[in-house]
Amino acid sequence: MKKLQLVQKIVEEGVVAVLRGETPEEVVLMAEQAIAGGIKVIEITMTIPFALQAIEQLARKYSWDAKEAANYAIIGVGTVLDPETARAAILSGAQFVVGPSLNRDTVLLCNRYRIPVMPGCMTIKEIQEALELGADIVKLFPGNLYNPSMIKAIKGPLPQANIMPTGGVTLDNLGEWIKAGAVAVGIGSDLTNEAVKQRNLSLIAKKAAAYKEEYLKAKGLK
């Protein structure tokens with residue numbers, strides 16, 4: 001039941017912060033700011049040195065079923081290329097797994113341990129294979145190669161597919177993606193670039209709040 005609840009909460013939240021940093025300490029601070037700004041689903045990428053340390057620290061601090069809003073977040077892992085990495089991240093506390101591409105063994109491992117998995121796909125063939133393997137949400141990646149009309153094209157033959165575009169999603173087009181049928185969106189560098197450039201990570205909280213506001217408007221909840 002926990003897996004079903006997690007998938008439901010990820011879809012309800014609708015915005016996933018995809019975080020990269022130079023150190024685990026930096027990415028933890030980024031995550032804390034994103035959460036403070038209202039983005040409660042955090043993806044820590046495995047391109048960060050000692051990324052598992054960041055995942056473990058955040059997983060200990062936040063609980064996806066916390067009653068207090070300030071302590072609520074869902075912490076996952078991204079840029080997972082193989083099942084070995086997925087298992088290590090799960091043992092460190094990752095509650096969902098995201099990959100840049102479709103890796104059969106990674107999806108099977110996540111299913112074995114009842115962890116939501118979101119493989120990256122670019123074609124109808126890949127999306128169909130991901131569904132057959134039991135992927136919960138398919139990451140349309142890189143999203144900047146497409147526009148929101150791609151979701152309608154996918155859902156023609158595969159109306160059952162849950163699509164999450166990642167890469168190229170901005171404040172200007174987030175609403176279009178949601179209205180086109182995306183179950184969630186992944187926000188990467190646009191969330192953190194300015195904060196890193198100005199060396200002021202508190203700007204991430206402001207940007208996160210703006211993204212959450214746009215999402216709620218697109219869903220008709222604001």
Side-chain angles (χ1 to χ4, degrees), residues 1-11 13 16-21 24 27 31 41-60 64 73-146 150-151 154-155 157-169 182-188:
M1 186 57 129
K2 181 180 177 182
K3 178 182 177 180
L4 296 176
Q5 291 170 336
L6 274 170
V7 173
Q8 182 178 8
K9 291 300 291 184
I10 291 169
V11 171
E13 290 293 338
V16 180
V18 182
L19 301 179
R20 292 180 172 84
V27 83
V41 186
I42 305 296
E43 176 187 328
I44 304 298
T45 66
M46 287 301 294
T47 52
I48 303 162
F50 306 104
L52 295 181
Q53 292 181 11
I55 291 170
E56 183 173 354
Q57 184 175 337
L58 290 166
R60 287 181 182 276
W64 72 276
I74 300 172
I75 309 300
V77 61
T79 322
V80 174
L81 305 181
D82 48 56
E84 294 83 3
T85 303
R87 183 59 178 149
I90 292 167
L91 289 172
S92 295
Q95 295 164 302
F96 63 91
V97 172
V98 183
S101 61
L102 175 59
N103 181 279
R104 178 181 184 276
D105 291 337
T106 298
V107 176
L108 293 178
L109 179 135
C110 291
N111 288 339
R112 181 180 305 133
Y113 292 104
R114 305 300 294 156
I115 296 293
V117 59
M118 309 174 198
C121 297
M122 294 182 69
T123 67
I124 294 293
K125 181 180 179 181
E126 288 178 331
I127 295 170
Q128 179 179 331
E129 184 178 353
L131 295 176
E132 290 170 351
L133 290 171
D136 304 286
I137 295 172
V138 174
K139 180 173 83 166
L140 183 64
F141 180 79
N144 57 352
L145 296 183
Y146 305 97
M150 180 63 174
I151 293 186
I154 292 169
K155 285 186 168 290
L158 299 173
Q160 71 274 30
N162 294 318
I163 306 296
M164 180 181 75
T166 302
V169 178
V183 298
V185 294
I187 310 298

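Computed over heavy atoms, backbone and side chain alike; hydrogens, waters and symmetry mates excluded. Not measured: the values here are computed from a predicted model.
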Side-chain contact, heavy-atom cut-off 4.5 Å: [X] with [Y]?
X: L52; Y: M46; answer: yes
X: I137; Y: V183; answer: yes
X: I74; Y: L6; answer: yes
X: P157; Y: I124; answer: yes
X: E126; Y: T123; answer: yes
X: V77; Y: V80; answer: yes
X: P100; Y: L81; answer: yes
X: L102; Y: V107; answer: yes

To the nearest 0.5 Å, tell me how far [X] [atom1] sits from [Y] [atom2].
X: L19; Y: I44; atom1: CG; atom2: CD1; result: 5.0 Å
X: D105; Y: R112; atom1: CG; atom2: CZ; result: 8.5 Å
X: F50; Y: I55; atom1: CZ; atom2: CD1; result: 14.0 Å
X: I163; Y: I127; atom1: CD1; atom2: CD1; result: 4.5 Å

Would you name the heavy atoms of [X] and [Y] that are closest together and state the gap between them?
X: A59; Y: G93; result: CB-O, 3.8 Å
X: A86; Y: C110; result: CB-SG, 4.5 Å
X: F96; Y: I75; result: CE2-C, 3.9 Å
X: P24; Y: P49; result: CD-O, 3.3 Å

Residues in salt bridge (Lys or Arg N to Asp or Glu O under 4.0 Å) contact with R104, at least two apart in sequence or another chain =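 In terms of salt bridge (Lys or Arg N to Asp or Glu O under 4.0 Å), with neighbours along the sequence ignored, R104 is linked to no residue.
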
*asked:* Going by the rule salt bridge (Lys or Arg N to Asp or Glu O under 4.0 Å), which residues pair with E129 if we only count those two or more places apart in sequence or in a different chain?
replied: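 With sequence neighbours excluded, E129 shows a salt bridge (Lys or Arg N to Asp or Glu O under 4.0 Å) to no residue whatsoever.
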
[X]: what forms a side-chain hydrogen bond (donor to acceptor under 3.5 Å, both in side chains) with it, not counting sequence neighbours?
X: Q8; answer: E12
X: E56; answer: R60
X: N103; answer: T106
X: T166; answer: none

Heavy-atom donor-acceptor pair, N111 side chain to L133 backbone, under 3.5 Å: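 Pair found, side chain donor or acceptor close to backbone of L133.
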
Sequence neighbours excluded - salt bridge (charged side-chain N to carboxylate O under 4.0 Å, His left out) pairs with any residue from residues 134-146:
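Only K3-D136 qualify under salt bridge (charged side-chain N to carboxylate O under 4.0 Å, His left out).
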
Side chain to side chain donor-acceptor pair (under 3.5 Å) pairs, two or more places apart, involving residues 82-93:
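As it turns out, the side chain to side chain donor-acceptor pair (under 3.5 Å) pairs with a partner in residues 82-93, which skip direct neighbours, are D82-T85.
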
Under the side chain to side chain donor-acceptor pair (under 3.5 Å) rule, what do Q57 and Q53 come out as? Steps first, then yes or no, please.
-> CA-CA 6 Å; Q57 184 175 337; Q53 292 181 11; over 6 Å; no

Sequence neighbours excluded, which residues qualify as side chain to side chain contact (heavy atoms under 4.5 Å, CB included) partners of [X]?
X: Q160; answer: L131, L158
X: P142; answer: M122, N144, L145
X: T47; answer: R20, T45, T79
X: A184; answer: M164

Take I90 and V97, measure what side chain to side chain contact (heavy atoms under 4.5 Å, CB included) needs, and give me the verdict at the end.
CA-CA 8 Å; I90 292 167; V97 172; 4.3 Å; yes

